[in-house]
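In this text the structure is predicted, and so the values were computed from the model without any measurement. Labels below follow one simple rule: chain letters A, B, ... track the order of the sequence lines, proteins then strands, and each chain is numbered from 1.
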Protein chains: 2
Amino acid sequence: MFSIGELSKRTKVKVPTIRYYEEMGLLAEAERTSGNQRRYDKTGLERLSFIRHARDLGFSIEAILSLIELQEHPDRSCQGATEIAKSQLTDVRAKIKKLRALEKELVRMSKGCEGDGVSEDCYVLASLADHNLCHREH
Amino acid sequence: MFSIGELSKRTKVKVPTIRYYEEMGLLAEAERTSGNQRRYDKTGLERLSFIRHARDLGFSIEAILSLIELQEHPDRSCQGATEIAKSQLTDVRAKIKKLRALEKELVRMSKGCEGDGVSEDCYVLASLADHNLCHREH
DNA sequence: CTTGAACCTCTAGTCACTAGAGGCATTACA
DNA sequence: TGTAATGCCTCTAGTGACTAGAGGTTCAAG
């Protein structure tokens, strides 16, 4: 049994974030000492590692709640979990696509002024002022 | 001179968002009718288009405030504006990199269970529970 | 047994909006 | 000119996923 600080160190999740996860129902309410401090064991550690890993992969708290529920019903885990992962993948791909368009636009904008440190016709500002100067959608 | 609703239609920025931008100092305080309603002209329209375009490109409100300030000092506009754009570009590239790593991981996870609709050893859940199953950093 | 670090709860702040309540202004039409 | 519909006003509170701080209690080491 170890404290919330120890759990924090082992999982690299900050202490207030652990309490927040508990409040959100991601973590079961921890056992307490007589003095009301939280104590955790291996189970808590594994659960929090799972949560952290899912968050790192961009899953929302809501999605993680679903995944946890699925964990508790192994009979229908796989399909549901795979669906959630695929939906997450779709999101990620959409974001990548959008960011790539932005990247191209920003490269073009940044290059405009290169060299002439001072100018009244800044290309960055001109591009922002007039969307027609953009080469593609974003 | 036109109303906030008209401005909203022309720029595709929602009415409460326009008011929010005014409060944040991105838009100058609009003129008012005798009945206290906001009225805008071409200048307001251009400024809001600029803001919307910058937001679409992912610039923060703070960054936009800087860009607007630079617009008002044409002598030092270009360098400052280009710096802000480049910093934005760096951010965007970092995000893309991270998302690509996530994409690969999610593809791998999603594929694990394909075919066997029901299984106790769901690959998605197993992967989330044990980071060691991941093939690369994220 | 004392000290200091770690813990507790609670409230409020972050960013960039969005939603809703309750009330006044404007406009279109009869 | 009357009235009804629509649009506008301000203000407060909510979103997601935390983070920061105040003010107080408990634990573990020496």
Side-chain angles (χ1 to χ4, degrees), chain A residues 1-27 29-41 44 47-48 50-68 84 87-88 91-92 95 98 102, chain B residues 1-27 29-41 44 47-48 50-68 84 87-88 91-92 95 98 102:
Chain A
M1 302 292 279
F2 41 86
S3 71
I4 197 170
E6 185 61 29
L7 182 64
S8 169
K9 248 181 239 161
R10 294 202 203 178
T11 55
K12 276 153 204 162
V13 175
K14 285 176 192 158
V15 169
T17 304
I18 297 174
R19 292 198 273 249
Y20 171 75
Y21 287 161
E22 182 183 305
E23 203 188 3
M24 292 298 101
L26 292 180
L27 285 172
E29 292 195 12
E31 280 177 58
R32 303 285 184 129
T33 63
S34 57
N36 200 33
Q37 298 197 355
R38 290 169 180 83
R39 285 297 115 97
Y40 298 89
D41 58 8
R47 169 66 70 89
L48 184 54
F50 175 96
I51 294 167
R52 182 185 138 81
H53 194 181
R55 287 292 302 129
D56 280 350
L57 287 165
F59 290 87
S60 70
I61 293 218
E62 218 193 321
I64 297 173
L65 275 172
S66 304
L67 288 169
I68 286 170
I84 292 172
S87 144
Q88 181 60 23
D91 276 16
V92 165
K95 277 183 198 153
K98 191 161 184 223
L102 297 192
Chain B
M1 303 292 278
F2 40 86
S3 70
I4 197 169
E6 184 61 29
L7 183 63
S8 168
K9 249 180 236 161
R10 294 202 204 176
T11 55
K12 276 154 204 162
V13 176
K14 284 176 193 160
V15 169
T17 305
I18 297 174
R19 292 198 274 251
Y20 171 75
Y21 287 162
E22 183 184 305
E23 203 188 2
M24 293 297 101
L26 292 180
L27 286 171
E29 291 196 13
E31 281 178 56
R32 303 285 183 129
T33 63
S34 57
N36 199 35
Q37 298 196 355
R38 290 169 179 83
R39 284 297 168 290
Y40 298 90
D41 58 7
R47 167 67 70 90
L48 184 53
F50 176 96
I51 293 167
R52 183 185 137 79
H53 194 182
R55 286 292 302 131
D56 280 350
L57 288 166
F59 289 86
S60 70
I61 294 220
E62 218 192 322
I64 298 172
L65 275 172
S66 304
L67 288 169
I68 287 170
I84 292 174
S87 142
Q88 182 61 21
D91 276 17
V92 165
K95 278 184 196 151
K98 189 160 185 223
L102 296 193

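- Applying the 4.0 Å criterion to OP1 and OP2 of D/dC8, one finds that B/Ser3 has a side-chain N or O inside that range.
- Here the P atom of nucleotide D/dG16 and the CD1 atom of A/Ile64 are 13 Å apart, to the nearest Å.
- Spacing between atom CD of A/Glu29 and atom P of C/dC8 amounts to 13 Å, rounded to whole angstrom units.
- Look at CD1 on B/Ile61: it is 11 Å from P on C/dT18, rounded to the nearest Å.
- When the side-chain nitrogen and oxygen atoms of A/Ser60 are compared with OP1 and OP2 of D/dG16, none of them lie within a distance under 4.0 Å.
- The backbone N or O of B/Gly58 sits less than 3.5 Å from a side-chain atom of B/Gln88, completing a donor-acceptor pair.
- Rounding to whole angstrom units, CZ of residue B/Arg38 and P of C/dA25 are separated by 15 Å.
- Within 4.0 Å of A/Phe59, counting heavy atoms only, lies no atom of the nucleic acid at all.
- Side-chain nitrogen and oxygen atoms of A/Lys14 include at least one within less than 4.0 Å of the OP1 or OP2 phosphate oxygen of D/dT19.
- Protein atom CD of A/Glu22 is 13 Å distant from nucleotide atom C1' of C/dC7, rounded to whole Å.
- Under 4.0 angstrom from either OP1 or OP2 of D/dT10 there lies at least one side-chain N or O belonging to B/Arg32.
- Separating the CD atom of B/Gln37 from the P atom of C/dT26 is a distance of 5 Å, rounded to the nearest angstrom.
- Of the listed nucleotides (D/dC9, C/dA16, D/dC8), D/dC9 has the atom at the smallest distance from the side chain of B/Asn36.
- At a threshold of 4.0 Å, the pair B/Glu23-B/Arg19 does not count as salt-bridged, since none of the basic side-chain nitrogens sits closer than that to a carboxylate oxygen.
- When each of A/Thr17 and A/Ser34 is assigned the nucleotide of DNA chain D bearing its nearest heavy atom, the one mapping closer to the 5' terminus is A/Thr17.
- Although no hydrogens or angles enter the test, the distance criterion places a donor-acceptor pair under 3.5 Å between the side chain of B/Arg52 and the main chain of B/Thr11.
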Can you check side chain to side chain contact (heavy atoms under 4.5 Å, CB included) on B/Arg38 and B/Arg32, steps first, answer last?
CA-CA 5 Å; B/Arg38 290 169 179 83; B/Arg32 303 285 183 129; 3.2 Å; yes

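- Taking the side chain of B/Ile4 as heavy atoms from C-beta on, and the options D/dT19, D/dC27, D/dC9, the nearest nucleotide is D/dC9.
- Put simply, CZ on B/Phe2 is 16 Å from C1' on D/dG7, counting in whole angstrom units.
- The nearest whole Å value for the distance from the CD atom in A/Glu23 to the P atom in D/dG16 is 13 Å.
- Rounding to the nearest 0.5 Å gives a distance of 11.0 Å between NZ of A/Lys95 and NZ of A/Lys98.
- For A/Tyr21, no side-chain nitrogen or oxygen approaches OP1 or OP2 of D/dA17 to under 4.0 Å.
- In this structure, B/Arg19 does not reach the D/dC8 phosphate: none of its side-chain N or O atoms is under 4.0 Å from OP1 or OP2.
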